[in-house]
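All heavy atoms count here, side chains included; hydrogens, waters and symmetry mates do not. All values reported here derive from a predicted model rather than from experimental measurement.
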Amino acid sequence: MYFINYFSIIRSVMLKKDKYNYLSFTRKERSGIMIILTVILIFLFIPFLFPLIYKEESFTTSEYSSAIDSLKILKGNGERNFSKYQSDEKEYSDYASSAASDVPNTPAELFYFDPNTLSVQGWVRLGVREKTANTIQRYISKGGKFRQPDDIKKIWGLRPDLVERMLPYVRIAQTTATADFENKNYPPYEKKTYEKKIISSVDINEGDSLAYLSLPGIGPSFARRIINFRNKLGGFYSINQVGETFGLPDSTFQKIKPLLVISAEGVRTININTATLDELKVHPYIRYQLANLLVQYRTQHGPYTSINDIKKIMVIDAELYNKISPYLVTE
């Protein structure tokens with residue numbers, strides 16, 4: 001109990017000491033505050049000190065008039081110097097903006113001329129500056145050519161009024177090759193059309209690619225597909241089978257059907273008593289499932305005695321029988 005009271009006394013003394021420290025300043029802190037206040041006061045009074053330090057200068061009427069006169073003198077000298085600069089440096093001025101400076105000292109003389117063969121002196125006689133004439137000669141020496149009178153309008157540096165005066169006198173001579181080409185009468189171009197030769201008929205079992213290509217609407221792709229389908233079947237036994245070719249439109253088949261004929265012999269048969277599963281499944285009408293049933297029935301019931309025996313397989317109906325029976329034999 002005594003220990004607890006002693007701890008309480010120490011705690012109260014420490015709190016009083018902390019409170020006292022927060023409300024007091026050290027000597028250094030007081031000095032810093034005074035310096036800051038002094039600086040603030042100086043900045044506050046600076047605006048009031050300017051009128052005492054700097055006095056506003058005032059111009060009298062005579063001083064103002066003399067200043068204006070001096071500016072006028074400077075302006076006049078500047079204009080004279082600029083005019084002198086223009087006259088001394090006119091070689092470097094833009095031709096379009098200083099057309100008057102392009103006028104040569106010699107008077108212009110108009111005469112008929114060929115711009116591709118005219119000399120520098122000839123251009124000068126026409127009223128063209130010598131510098132521009134030399135530029136034209138360099139253009140021609142590097143392979144340039146004027147092909148029509150209006151081409152002289154493209155010469156950089158020629159005044160428009162001078163070009164208009166010279167245009168009626170331009171005579172461009174044609175070269176031999178150009179004249180021959182323009183004067184020669186070539187026959188008009190005629191687009192050749194190749195008509196497809198249509199033959200009277202095509203044997204669907206004996207016809208080759210060329211024969212099928214002769215049919216209307218049959219291109220290389222359809223001709224190739226028809227022949228591949230025929231080879232996988234073992235030949236066609238009906239003209240309608242051609243219409244089963246993959247991708248062949250019925251409209252195209254109806255167009256070529258009157259031109260198709262079929263030979264009596266041309267179907268390759270399969271012996272269902274000796275053919276293996278692999279041999280049967282490649283036929284387009286049989287495939288794997290039916291081929292497997294044919295082989296399984298033969299294994300369970302023995303060899304087929306006739307083609308009609310395949311009707312005993314439940315999946316083979318009359319339509320399917322009529323479709324595959326021409327390709328099957330039992331011997």
Nearest 0.5 angstrom please: Thr274 OG1 to Arg298 CZ, how far? 7.0 Å
Would you check if the side chain of Asp309 reaches a backbone N or O of Ser306 as a donor-acceptor pair within less than 3.5 Å? yes
Of the non-hydrogen atoms in Pro249 and Phe222, which two are nearest, and what is the gap between them? CD-CZ, 3.7 Å
Tell me whether Phe111 at atom CZ has more than 12 heavy atoms from other residues, nucleotides or ligands lying less than 6.0 Å away. yes
As an exercise, state the distance from OG of Ser238 to CG of Leu260, rounded to the nearest 0.5 Å. 10.5 Å
Mind checking the CG-CD spacing from Leu126 to Gln121? Nearest 0.5 Å is all I need. 12.0 Å
Does atom CD of Glu130 have more than 12 heavy-atom neighbours from other groups under 6.0 Å away? no
Any donor-acceptor N/O pair, Asp114 side chain to Ala173 backbone, under 3.5 Å: yes
For Phe146, is there any backbone N or O sitting under 3.5 Å from a side-chain donor or acceptor partner on Asn116? yes
Any sub-3.5 Å donor-acceptor pair from Asn273's side-chain atoms to Thr330's backbone N or O? yes
Side-chain heavy-atom pair Glu109, Arg125 within 4.5 angstrom cut-off: yes
Minimal heavy-atom distance between Arg171 and Tyr112, with the atoms involved, is NH2-CE2, 3.1 Å
A side-chain contact here means heavy atoms from C-beta on lying under 4.5 Å apart; do Ile272 and Val329 qualify? no
Rounded to the nearest 0.5 Å, how far apart are CD1 of Ile226 and OG1 of Thr245? 5.0 Å
Using side-chain heavy atoms (C-beta onward) and a distance below 4.5 Å, is Pro326 in contact with Phe236? no
Inter-residue atom distance Tyr304.OH - Ile310.CD1, 0.5 Å rounding: 7.5 Å
Does Val124 form a side-chain contact (heavy atoms from CB on, under 4.5 Å) with Arg129? I'd like the steps, not just the answer. CA-CA 6 Å; Val124 174; Arg129 296 173 60 252; over 6 Å; no
Taking Asn292 for the side chain and Tyr288 for the main chain, is one N or O donor matched with an acceptor at less than 3.5 Å? no
Do side-chain atoms of Tyr297 reach the backbone of Pro303 as a donor and acceptor pair under 3.5 angstrom? no
On a heavy-atom basis, which atom in Phe229 and which in Pro284 lie closest, and how many Å separate them? CE1-CB, 4.2 Å
Can you give me the closest heavy-atom contact between Ile172 and Pro149, atom names plus distance? CD1-N, 3.6 Å
So, the side chain of Glu164 versus the backbone of Asp161: is there a donor-acceptor pair under 3.5 Å, distance only? no
Under the 3.5 angstrom rule, does the side chain of Glu279 hit a backbone N or O of Thr276 as a donor-acceptor pair? yes
Does NZ or CZ of Lys323 come closer than 6.0 Å to the centre of the six-membered ring of Tyr285, within 45° of the ring's axis? yes
Can Leu215 be reached from Phe246 by stepping across I, L, V, M, F, W or Y side chains whose heavy atoms are under 4.5 Å apart? no
How close do Ile218 and Ala223 get, heavy atom to heavy atom, and via which atoms? CG2-N, 3.8 Å
Does the side chain of Arg165 reach to within under 4.5 Å of the side chain of Arg159, using non-hydrogen atoms? yes
Under the side-chain contact (heavy atoms from CB on, under 4.5 Å) criterion, do Val170 and Phe113 qualify, and how do the steps go? CA-CA 5 Å; Val170 177; Phe113 67 96; 3.6 Å; yes
Which value, rounded to the nearest 0.5 Å, describes the distance between Met34 atom CE and Glu29 atom CD? 14.5 Å
Is there side-chain contact between Val282 and Lys232, with heavy atoms separated by less than 4.5 Å? no
Go through it in stages, so that I can follow the logic: the residues are Arg138 and Ser141, the test is side chain to side chain donor-acceptor pair (under 3.5 Å), and I'd like the CA-CA distance, side-chain angles, deciding distance and then a yes or no. CA-CA 5 Å; Arg138 285 194 296 270; Ser141 63; over 6 Å; no
Are the side chains of Ile324 and Leu328 in contact, using a 4.5 Å heavy-atom criterion? yes
May I ask whether Leu248 and Val261 are part of the same hydrophobic cluster, defined by side-chain heavy atoms of I, L, V, M, F, W, Y residues being less than 4.5 angstrom apart, directly or through others? no
Take atom CZ of Arg27 as the centre, draw a 6.0 Å sphere, and report whether it contains more than 12 heavy atoms from other residues, nucleotides or ligands. no
Using distance only, find each side-chain donor-acceptor pair of residues 311-321 under 3.5 Å and give its atom names and separation, not counting sequence neighbours.
unit_1: Asp317; atom_1: OD1; unit_2: Leu320; atom_2: N; d: 2.9
unit_1: Tyr321; atom_1: OH; unit_2: Asn308; atom_2: OD1; d: 2.6

Please check this pair: side chain of Gln137 against backbone of Ala133, looking for a donor-acceptor N/O pair closer than 3.5 Å. no
Any side-chain heavy atom of Asp151 within less than 4.5 Å of one from Pro115? no
Lys145 and Ile140: side-chain contact (heavy atoms from CB on, under 4.5 Å), yes or no, with the steps? CA-CA 6 Å; Lys145 188 176 181 63; Ile140 295 174; over 6 Å; no
Any sub-3.5 Å donor-acceptor pair from Arg230's side-chain atoms to Ile204's backbone N or O? yes
Can you tell me if Gln148 has over 12 outside heavy atoms packed within less than 6.0 Å of its CD? yes
Could you tell me whether the side chain of Thr132 reaches within less than 4.5 Å of the side chain of Trp123, counting heavy atoms only? no
Heavy-atom pair of closest approach, residues Pro216 and Leu259: CD-CD1, 3.8 Å
